[in-house]
Peer 1: 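Quick one: structure below, then a few questions.
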Amino acid sequence: MNDSAGAPHEPSNPVPGLPLPGLAGFSHRWVDADGVRLHAVQGGRPDGPAVVLLAGFPQTWWAWREVMPQLADRFRVVALDLPGQGHSKRPHISYDTHTVAAHVHAAVRALGVSTYWLAAHDIGAWVAFSLALRYRSALHGLALLDAGIPGITLPDAVPTDPGQAYKTWHFAFHLVPDLPETLLTGREREYVGWFLKAKTRSSATFDDADIERYAASVAADGGLRASLAYYRDAAESARKNHEALARQRLTVPLLGISGSHGSIPDMAASLEPWADRTTGVVVPDAGHFIPDEQPGAVAAALTDFLTAAGPRPAARRAAPAVPRTAEAVGTAGAPRPSD
């Protein structure tokens, strides 16, 4: 259950009256996370096991909006904006995933939670993997959704096959000094919209309001800089991941969630060489943005994993997804990076 981590230090709400449509019982929180103010939306059962959700590029906590209510009857749910995302600060810090993981863990503790489950997508999964290496004693388990993790599942080369290059070309582009800022400033909506349309199974997954919301986060002061910094500091993230894994493998239970048409064909298989207890599911009819495309399947897969591997808040729920274990599927095909 939730173990208190002491009284949280919380700045005043900088955006009073910010609505939460479709999220009855949830509320905004801002906390001081070792000197970086981070934003979270939390709700669900106050006495339930805590589940922390992290999103990736070019999204914010809003990526989990349809999953959160489906977890709320059994768990305490916390969706967190990473540094540089949404309503969190965009500090001038290293955005390597171990540095960011320290701020995320501090934010969770500031919310009064000392042990928790962690589920994360895309760059959020980069951070979550590093957090699990550094703070394994605080985690019940880890779920990672469609992400190439620096030094782990992220290849050094960008493919030249047009059928795959559209998924990965931006990794190199984001590393180029100054050019992305020159080309993208003032055109954040077009850039963000391309990702949300091109990497989903259905281009209707995101409406104009969703695109505007995410584009506003990138266009905010410091938003583009922070978004690019995760990619520009990926080599340092990889170095720190390798150093940590040289000391100890990932020991917490791990669930890999792949989309049937996503970027990483089999998350579980790609992570199994570095983890002791890995299982996986493949969500049908989903591209890269699985929580938005198939929120019911994601919520069910998470609930099944959380109730099977740790504190049991209620009866298990079967996931409408195809279960796969790393041992059963092997590692056919080289993993490809996602956002």
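Residues: numbered from 1 along the sequence shown.
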Peer 1: Can we call the ring centroids of H121 and H288 under 6.0 Å apart?
Peer 2: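 For H121 and H288, the ring centres are under 6.0 Å apart.
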
Peer 1: Enumerate the side-chain hydrogen bond (donor to acceptor under 3.5 Å, both in side chains) contacts for residues 177-186, please, sequence neighbours excluded, ordered by first and then second residue.
Peer 2: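 side-chain hydrogen bond (donor to acceptor under 3.5 Å, both in side chains) check on residues 177-186 returns E181-R232.
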
Peer 1: For a side chain to side chain contact (heavy atoms under 4.5 Å, CB included) check, start with the C-alpha distance between V51 and L306, then their side-chain angles and the critical distance, and finish with the verdict.
Peer 2: CA-CA 9 Å; V51 182; L306 273 53; 3.3 Å; yes

Peer 1: Walk me through it: do D292 and T200 pass the test side chain to side chain contact (heavy atoms under 4.5 Å, CB included)?
Peer 2: CA-CA 9 Å; D292 302 271; T200 50; over 6 Å; no

Peer 1: So, taking the atom named CG in L38 and the one named CG in D34, what distance separates them when rounded to the nearest 0.5 Å?
Peer 2: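 The CG atom of L38 sits 9.5 Å away from the CG atom of D34.
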
Peer 1: Between D210 and R65, is the closest basic N to carboxylate O distance under 4.0 Å?
Peer 2: yes

Peer 1: Give me the atom names and distance for the closest heavy-atom approach of M267 to S258.
Peer 2: N-OG, 2.8 Å

Peer 1: For R136, enumerate each residue passing the side chain to side chain donor-acceptor pair (under 3.5 Å) test, keeping only those at least two apart in sequence or located in another chain.
Peer 2: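 Listed in chain order: Q248.
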
Peer 1: Enter the distance from I149:CD1 to I123:CD1 here, rounded to the nearest 0.5 Å.
Peer 2: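 Separation between the atoms: 12.0 Å.
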
Peer 1: With a 4.5 Å cut-off on side-chain heavy atoms, are L131 and V104 touching?
Peer 2: yes

Peer 1: Given the side-chain rings of Y95 and W126, with only the six-membered ring counted for Trp, is the space between their centroids under 6.0 Å?
Peer 2: no

Peer 1: Between V100 and Y230, is there a side-chain heavy-atom distance shorter than 4.5 Å?
Peer 2: yes

Peer 1: Does any non-hydrogen side-chain atom of V78 lie less than 4.5 Å from one of V108?
Peer 2: no

Peer 1: Relative to each other, are the rings of F57 and H170 parallel, tilted or perpendicular (30° and 60° limits)?
Peer 2: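 The arrangement is parallel - the two ring planes meet at less than 30°.
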
Peer 1: Say you draw a straight line from CD1 of I211 to CZ of R189; how long is it, rounded to the nearest 0.5 Å?
Peer 2: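 If we round to the nearest 0.5 Å, I211:CD1 and R189:CZ are 5.0 Å apart.
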
Peer 1: Going from CD on Q294 to OG on S202, what distance comes out if it is rounded to the nearest 0.5 angstrom?
Peer 2: 10.0 Å

Peer 1: For R37, is there an ion pair with D32 - N to carboxylate O distance below 4.0 angstrom?
Peer 2: no

Peer 1: Could you tell me if the side chain of M68 sits less than 4.5 Å from the side chain of V41, heavy atoms only?
Peer 2: yes

Peer 1: Would you check if the side chain of R45 reaches a backbone N or O of L71 as a donor-acceptor pair within less than 3.5 Å?
Peer 2: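 No, the answer is negative, given that no donor and acceptor are paired below the 3.5 Å cut-off.
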
Peer 1: If you compare all heavy atoms of P46 against all heavy atoms of R76, which two are closest, and at what distance to 0.1 Å?
Peer 2: O-CD, 4.2 Å

Peer 1: For ring pair (Phe, Tyr, Trp, His ring centres under 6.0 Å), just list the numbers for W117 and F75, CA-CA rounded to whole Å, side-chain angles, deciding distance to a tenth of an Å, and then say yes or no.
Peer 2: CA-CA 10 Å; W117 298 89; F75 305 99; 7.9 Å; no

Peer 1: Output yes when a side-chain donor or acceptor of H103 lies under 3.5 Å from a complementary backbone atom of A33, and no otherwise.
Peer 2: yes

Peer 1: Which atom names give the shortest non-hydrogen contact between S137 and T115, and what distance separates them?
Peer 2: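 Smallest interatomic distance, heavy atoms only, reads O-CG2, 4.5 Å.
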
Peer 1: Tell me, do P83 and K89 make a side-chain contact under 4.5 Å, heavy atoms counted?
Peer 2: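 They are not in contact (no side-chain heavy atoms under 4.5 Å apart), so the answer is no.
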
Peer 1: Could you check whether any side-chain N or O of D122 sits under 3.5 Å from a backbone N or O of G124, counting only pairs where one atom can act as donor and the other as acceptor?
Peer 2: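 Flag not set: sc D122 to bb G124 has no pair under 3.5 Å.
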
Peer 1: Can you name the residues that form a side chain to side chain donor-acceptor pair (under 3.5 Å) with Q85, not counting sequence neighbours?
Peer 2: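 If we apply the side chain to side chain donor-acceptor pair (under 3.5 Å) test to Q85, skipping adjacent residues, there are no hits.
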
Peer 1: Hey, is the main chain of G86 close enough, under 3.5 Å, to the side chain of R90 for a donor-acceptor pair?
Peer 2: yes

Peer 1: Go through it in stages, so that I can follow the logic: the residues are L184 and L224, the test is side chain to side chain contact (heavy atoms under 4.5 Å, CB included), and I'd like the CA-CA distance, side-chain angles, deciding distance and then a yes or no.
Peer 2: CA-CA 8 Å; L184 300 178; L224 181 58; 4.1 Å; yes

Peer 1: Distance alone, cut at 3.5 Å: any donor-acceptor contact between the side chains of H98 and N241?
Peer 2: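 There is such a pair between these side chains.
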
Peer 1: Could you go through residues 249-256 and list every donor-acceptor pair under 3.5 Å that involves a side-chain atom there, pairing it with any protein atom two or more places apart or in another chain?
Peer 2:
| unit_1 | atom_1 | unit_2 | atom_2 | d |
| --- | --- | --- | --- | --- |
| R249 | NE | D276 | OD1 | 2.7 |
| R249 | NH1 | P273 | O | 2.5 |
| R249 | NH2 | A275 | O | 2.5 |
| R249 | NH2 | D276 | OD1 | 3.3 |

Peer 1: Verify, without hydrogens or angle tests, whether D81 (side chain) and H39 (backbone) share a donor-acceptor contact under 3.5 angstrom.
Peer 2: no

Peer 1: Could you pull out all residues at least two apart from Y191 that satisfy side chain to side chain donor-acceptor pair (under 3.5 Å)?
Peer 2: H174

Peer 1: Nearest 0.5 Å please: distance from the OG atom of S260 over to the CZ atom of R201.
Peer 2: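 S260 atom OG to R201 atom CZ measures 6.0 Å (nearest 0.5 Å).
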
Peer 1: Could you tell me which residues satisfy side chain to side chain contact (heavy atoms under 4.5 Å, CB included) with L245, sequence neighbours excluded, listed by chain and number?
Peer 2: F129, L133, I152, W274

Peer 1: Does the separation of the ring centres of F195 and F289 fall below 6.0 angstrom?
Peer 2: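 Not close enough - the centres of the two rings lie 6.0 Å or further apart.
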
Peer 1: Could you pull out the closest heavy-atom pair between D146 and G287, with the gap in Å?
Peer 2: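 Closest approach of D146 to G287, heavy atoms only: OD2-O, 4.4 Å.
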
Peer 1: When rounded to the nearest 0.5 angstrom, what distance separates NE2 in H105 from OG in S114?
Peer 2: 8.5 Å

Peer 1: Of all heavy-atom pairs between F206 and L196, which one has the smallest distance, and what is that distance?
Peer 2: CD1-O, 3.4 Å

Peer 1: Got a salt bridge between D96 and K240, using NZ or NE/NH1/NH2 to carboxylate O under 4.0 Å?
Peer 2: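 Yes, D96 and K240 are salt-bridged.
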
Peer 1: What verdict does the side chain to side chain contact (heavy atoms under 4.5 Å, CB included) test give for V77 and W64, after you've listed the backbone C-alpha separation in whole Å, the side-chain angles of each residue and the deciding distance to 0.1 Å?
Peer 2: CA-CA 10 Å; V77 181; W64 294 98; over 6 Å; no

Peer 1: Can a donor-acceptor pair be found, under 3.5 Å and without considering hydrogens, that links the side chain of E188 to the backbone of G186?
Peer 2: yes

Peer 1: Before giving the answer on salt bridge (charged side-chain N to carboxylate O under 4.0 Å, His left out), spell out for D233 and R239 the whole-Å C-alpha distance, their side-chain angles and the decisive distance to 0.1 Å.
Peer 2: CA-CA 10 Å; D233 289 339; R239 185 187 68 80; over 6 Å; no

Peer 1: Looking at every non-hydrogen atom in both residues, tell me the closest pair between L228 and P180 and how far apart they are.
Peer 2: CD1-CB, 3.8 Å

Peer 1: Within a 6.0 Å radius of atom CG on D207, are there more than 12 heavy atoms belonging to other residues, nucleotides or ligands?
Peer 2: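 Counting other residues, nucleotides and ligands, CG of D207 exceeds 12 neighbours.
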
Peer 1: Keeping S227 on the side-chain end and V218 on the backbone end, is there a donor-acceptor pair under 3.5 Å?
Peer 2: no

Peer 1: What class does the angle between the rings of W61 and H28 fall in, given that below 30° is parallel, 30 to 60° is tilted and above 60° is perpendicular?
Peer 2: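 Judged by the thresholds at 30° and 60°, the geometry between W61 and H28 is perpendicular.
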
